[in-house]
Amino acid sequence: MDAEYRESQLYRIRHSAAHLMAAAVLEMFPEGKVAIGPPIEDGFYYDFDLPRPLTMDDLEKIEARMRELIAEHHDFIYQEIDPDEARKLFADQPYKLELIADILERGTDEYGERTAQPVLSIYKSGPFVDLCRGPHVANSKEINPKAVKLLSVAGAYWRGDADRPMLQRIYGTAWPTPKELRAYLKWREEVQKRDHRKLIKQLDLLSFHEEAGPGLAYWHPKGAMMRKIIEDFWRERHLEGGYDFVVTPHLGKAWLWQTSGHLDFYRESMYSPMDVDGQEYFIKPMNCPFHILIYKTRLRSYRELPLRWAELGTVYRYEKSGVLHGLLRVRGFTQDDAHIFCTPDQIEDEILRVLRFSISILNAFGFEDIQAYLSTRPEKAVGEPERWEQAQASLQRAIEAEGIAYEVDEGGGAFYGPKIDLKIKDALGRSWQLSTIQFDFNLPERFDMSYIAEDGAEHRPYMVHRALLGSLERFFGILVEHYAGAFPVWLAPEQARLIPIADRHVAYARQVEDQLRQAHIRVYTDASSSRMNAKIRDAQMQKIPYMLVIGDQEVEANTVAVRLRSGKRLGALSPADFIAHVAQAVAQRALE
RNA sequence: GCCCACGUAGCUCAGUCGGUAGAGCACUUUCUUGGUAAGAAAGGGGUCAUCAGUUCAAGUCUGAUCGUGGGCUCCA
């Protein structure tokens with residue numbers, strides 16, 4: 001949340017709306033307890049401890065009451081108070097008492113942020129008084145009652161702590177004008193329409209099976225076709241980018257995971273071990289230890305570094321049941337993983353190279369808006385400080401050399417090394433983290449990796465993990481939402497559908513189909529008994545880029561009548577011309 | 001994992017007060033052979049997520065389990 005927003009009138013409107021919502025809720029539940037209620041991106045929430053779960057009916061009543069409160073033109077009055085007054089005022093509000101204690105003892109405000117001076121302040125608006133630092137609107141008339149809407153109820157832990165009570169959080173949104181509210185609600189609808197969980201079903205791309213285990217994706221022929229296209233592209237680019245490929249097993253003995261440290265730090269996210277001949281084996285949650293074993297099969301010379309080893313490695317992680325979410329959070333997924341092993345003086349070049357490589361691949365998939373996040377050394381960390389310094393400097397210089405916008409998360413790195421994450425913005429303006437480029441000072445140590453340097457002595461190589469798309473499953477889900485299922489021609493699982501108007505045109509359609517297939521166009525003939533209109537509708541709903549209508553005229557002239565999914569018609573083209581047209585669209589990665 | 005909600009045909013959903021289940025689409029068959037987003041008719045299709053319980057009687061009420069959704073926590 002940026003500083004500009006915090007200073008804005010909109011922020012005040014939302015914050016004040018949250019207070020009025022709390023007022024309405026307390027009228028409904030006089031014995032209810034209030035927690036906190038800040039503005040957030042696109043709206044606000046307030047957390048409550050109430051005697052019963054809220055329903056959508058309640059929400060409507062609360063919203064109606066909020067509008068009345070707004071219309072009553074209450075002033076929001078700021079007042080500083082001393083601790084005793086505060087404790088008295090909020091005597092029956094245990095969450096507020098806890099906040100008061102925190103503010104006084106820890107010098108934090110009600111959101112847990114440090115403040116210069118512990119100041120207790122309240123805001124009064126009508127009958128409702130809240131412990132609050134503000135800011136608020138001066139009077140509720142600054143809130144447009146028709147630009148406020150309550151959206152949902154959800155559970156939320158007090159202070160975000162899973163060991164503390166579960167509260168009920170009401171989410172709402174508020175905007176300067178009803179028009180902006182409508183635009184926001186429309187955007188939310190668009191988000192729902194593009195939901196990949198819906199689209200992968202409608203477009204017959206993937207499925208999940210509760211009988212066979214949650215969080216495990218099944219790729220149908222069309223989904224698998226797209227995955228093949230993505231993988232082929234990925235491999236080709238990696239060859240051009242100087243990578244070699246490795247392939248490693250899906251499981252390994254406990255020794256491997258003890259050595260890597262996963263069993264110490266990560267065990268609760270790993271699938272339970274299986275007993276094989278009295279030995280514990282684990283399904284892999286990561287590929288790195290396997291790549292290291294390959295590295296260690298012989299002595300390595302500085303002359304053969306850097307090594308860049310890539311693998312589409314399928315890993316399994318036991319994610320908690322409540323966090324699974326379509327393709328975006330699964331338990332089995334394929335990382336587009338690679339590890340770079342290099343010498344200290346190669347680091348700078350390697351990082352720049354991998355960053356450029358990553359950006360060019362993201363661009364190819366239609367993601368142009370990229371931001372970088374640099375995470376640096378946390379308090380608890382392994383590895384020599386000089387190495388951290390060098391690694392962080394090389395990361396930062398690479399980002400700056402590429403001229404992409406970035407933010408630094410000081411101390412936000414993993415204990416084993418600093419990293420750059422790349423986030424893209426999709427067609428709806430939402431950010432998704434895709435690429436990650438991270439140093440690892442831990443594993444080379446634990447596995448005692450080395451190379452022989454010019455001086456004839458053993459040295460520890462630098463190791464960089466990187467994934468560009470992240471996981472193929474998640475990336476696929478993001479692609480589906482980005483394109484709303486209408487994929488660019490090069491990615492579309494079915495690029496063209498032949499639509500014979502009557503049965504007598506089917507034979508010619510089959511002939512064209514064969515011709516197009518020889519040109520590697522992914523094409524199918526709709527030979528059903530439906531009318532042409534129905535066939536077109538079906539192809540439209542499947543978001544197929546090209547519909548090729550074939551009737552008497554086309555058979556006669558040896559052409560196809562080309563319709564795009566936009567509704568635009570290209571007229572009659574010979575099969576050869578159509579092939580050339582598609583080749584062009586594929587080369588340009590055009591949407592058409 | 002936690003809070004709340006939900007789970008009915010392949011899909012999207014309806015099902016009132018507890019009285020043995022319905023629609024549209026899809027599918028099959030027949031008729032229709034058409035010119036750029038749904039031609040018509042007939043037919044098949046259900047252990048109402050699963051397992052227990054209450055009841056003369058459960059899709060409907062209760063509990064547990066599994067799964068899904070909105071969030072929270074987590075994502076070294």
Side-chain angles (χ1 to χ4, degrees), chain A residues 45 47-50 52-56 58 151-171 192 195 197-198 201-202 204 207-215 260-270 285-286 288 317-326 328-331 378 380-382 413-417 419 433 436 438 440 442-443 470 474 497 499-506 527-543 547-554 561-572:
Chain A
Y45 68 79
D47 288 344
F48 304 94
D49 191 349
L50 302 173
R52 66 165 174 85
L54 290 165
T55 65
M56 288 314 280
D58 294 329
L151 300 171
S152 59
V153 193
Y157 298 114
W158 166 235
R159 312 224 98 176
D161 184 341
D163 295 326
R164 319 264 336 237
M166 179 65 73
L167 306 173
Q168 296 191 65
R169 172 172 299 178
I170 304 179
Y171 283 98
Q192 274 177 10
D195 191 323
R197 292 166 299 183
K198 209 183 286 183
K201 206 186 269 185
Q202 281 167 11
D204 195 13
S207 57
F208 290 91
H209 299 270
E210 80 169 87
E211 324 84 282
S260 72
H262 285 97
L263 284 180
D264 293 336
F265 296 107
Y266 201 68
R267 184 167 193 142
E268 73 285 358
S269 296
M270 291 171 69
M286 303 220 175
C288 2
R317 298 181 182 174
Y318 177 75
E319 301 284 1
K320 287 180 178 170
S321 60
V323 306
L324 298 176
H325 184 89
L328 301 181
R329 193 82 180 265
V330 288
R331 284 184 173 162
K380 270 183 68 183
V382 301
F415 73 87
Y416 53 80
K419 63 171 179 174
Q433 189 207 307
T436 184
Q438 38 192 105
D440 194 326
N442 185 41
L443 290 181
R474 180 166 176 279
R497 182 167 293 180
I499 299 179
I501 291 175
D503 286 349
R504 64 176 178 279
H505 307 124
V506 170
S528 69
S529 68
S530 306
R531 298 184 50 174
M532 180 203 63
N533 279 314
K535 291 180 182 180
I536 286 176
R537 179 181 145 86
D538 187 52
Q540 274 302 142
M541 293 202 305
Q542 290 296 307
K543 304 179 195 259
M547 283 152 266
L548 309 178
V549 177
I550 289 173
D552 290 337
Q553 294 163 33
E554 287 73 24
V562 182
R563 175 195 161 100
L564 305 183
R565 60 191 158 188
S566 63
K568 188 178 166 192
R569 291 199 228 167
L570 298 187

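- Comparing the same atom, P, in B/U28 and in B/G67 gives a spacing of 34 Å after rounding to whole Å.
- Distance A/Leu328 CG to B/G71 P: 12 Å, rounded to the nearest Å.
- Using modelled atom types, one finds no donor on one side chain facing an acceptor on the other under 3.5 Å when comparing A/Arg474 with A/Gln433.
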Contact state string [nucleotides 59-65 of chain B, B base, S sugar-phosphate only, - no protein heavy atom under 4.0 Å] = -------
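- Looking at residues two or more places apart in sequence or on another chain, you find a side chain to side chain contact (heavy atoms under 4.5 Å, CB included) between A/Leu564 and A/Tyr546, A/Val562, A/Ser566, A/Lys568, A/Leu570, A/Glu592.
- Taking atom P on both B/C66 and B/C74, the two are 24 Å apart, rounded to the nearest angstrom.
- Nucleotides B/A14 and B/C31 have their C1' atoms positioned 32 Å apart, rounded to a whole Å.
- Taking both residues in full, the closest heavy atoms of A/Ala561 and A/Glu554 are given as CB-OE2, 3.5 Å, listed atom of the first, atom of the second, then distance.
- Checked against ring-ring contact (aromatic ring centres under 6.0 Å, His included), A/Phe48 has the following partners two or more places apart in sequence or in another chain: A/Tyr46.
- Whole-Å rounding puts the A/Glu268 CD to B/C75 C1' distance at 10 Å.
- Considering every non-hydrogen atom in both A/Met547 and A/Ala539, the closest pair reads CG-CB, 3.5 Å.
- Residues meeting the side chain to side chain contact (heavy atoms under 4.5 Å, CB included) test with A/Asp161, sequence neighbours left out: A/Asp163, A/Arg164.
- A salt bridge (Lys or Arg N to Asp or Glu O under 4.0 Å) with A/Asp538 is found for one member of A/Arg497, A/Arg531, A/Lys543 and no other, namely A/Arg497.
- The residue A/Met286 sits close to a base: some heavy atom pair falls under 4.0 Å.
- Applying the side chain to side chain donor-acceptor pair (under 3.5 Å) test to A/Gln168 and every residue at least two apart in sequence or in another chain returns nothing.
- The shortest non-hydrogen separation linking A/Tyr416 to A/Val382 is CA-CG2, 3.9 Å.
- At the phosphate of B/C72, OP1 or OP2 sits under 4.0 Å from a side-chain N or O atom of A/Tyr171.
- Going from the C1' atom of B/G10 to that of B/U73 covers 37 Å, rounded to whole Å.
- Counting distance only, with no hydrogens placed and no angle test, the side-chain atoms of A/Arg164 and the base atoms of B/C72 include no donor-acceptor pair under 3.5 Å.
- When rounded to the nearest whole Å, the span between CD1 of A/Ile499 and C1' of B/A38 equals 13 Å.
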Given protein heavy atoms under 4.0 Å, the one-letter contact record of nucleotides 2-17 of chain B, with B base, S sugar-phosphate only and - none, is simply BBS------SS-----
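- In this structure, CZ of A/Arg329 is placed 14 Å from P of B/G70, rounded to the nearest angstrom.
- The side-chain heavy atoms of A/Arg563 and A/Gln540, taken from C-beta on, include a pair separated by under 4.5 Å.
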Using a 4.0 Å cut-off on protein heavy atoms (strictly under), produce a 5'-to-3' string for nucleotides 28-37 of chain B with B for base contact, S for backbone-only sugar-phosphate contact, and - for none.
-> -----BBBBB
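- Both A/Arg197 and A/Leu443 lie close to RNA chain B; mapped to their nearest nucleotides by heavy-atom distance, the more 5′-ward contact belongs to A/Arg197.
- Between the C1' atom of B/G71 and the CE atom of A/Met56 lies a distance of 13 Å, rounded to the nearest Å.
- Remark: C1' of B/A38 and CD of A/Gln542 are 15 Å apart, rounded to the nearest angstrom.
- The CG-C1' distance, from A/Asp163 to B/C74, rounds to 12 Å in whole Å.
- The C1' atoms of B/U12 and B/U20 are separated by 26 Å, rounded to the nearest whole Å.
- B/G7 and B/A41 have their P atoms separated by 32 Å, given to the nearest Å.
- Shortest non-hydrogen contact noted between A/Pro214 and A/Arg331 is CG-NH1, 3.6 Å.
- Rounded to the nearest Å, the gap between the P atom of B/G63 and that of B/C4 is 11 Å.
- Here A/Tyr157 pairs with nothing under the ring-ring contact (aromatic ring centres under 6.0 Å, His included) rule; sequence neighbours left out.
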Compile the donor-acceptor pairs under 3.5 Å between side chains in residues 261-270 of chain A and protein atoms, sequence neighbours left out, one pair per line.
residue	atom	partner	partner atom	Å
A/His262	ND1	A/Ser260	OG	2.5
A/Tyr266	OH	A/Arg317	NE	3.3

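- Checked against side chain to side chain contact (heavy atoms under 4.5 Å, CB included), A/Asp49 has the following partners two or more places apart in sequence or in another chain: A/Lys33, A/Tyr95, A/Leu167.
- Put simply, CZ on A/Arg331 is 11 Å from P on B/C66, counting in whole angstrom units.
- Stem list for RNA chain B (at least 3 consecutive Watson-Crick or G-U pairs, distances under 3.5 Å): B:1-7 with B:66-72, B:10-13 with B:22-25, B:27-31 with B:39-43, B:49-53 with B:61-65.
- Shown here are the salt bridge (Lys or Arg N to Asp or Glu O under 4.0 Å) partners of A/Arg169, two or more places apart in sequence or in another chain: A/Asp47.
- With both ends at atom P, the span from B/A38 to B/G46 equals 32 Å, rounded to whole Å.
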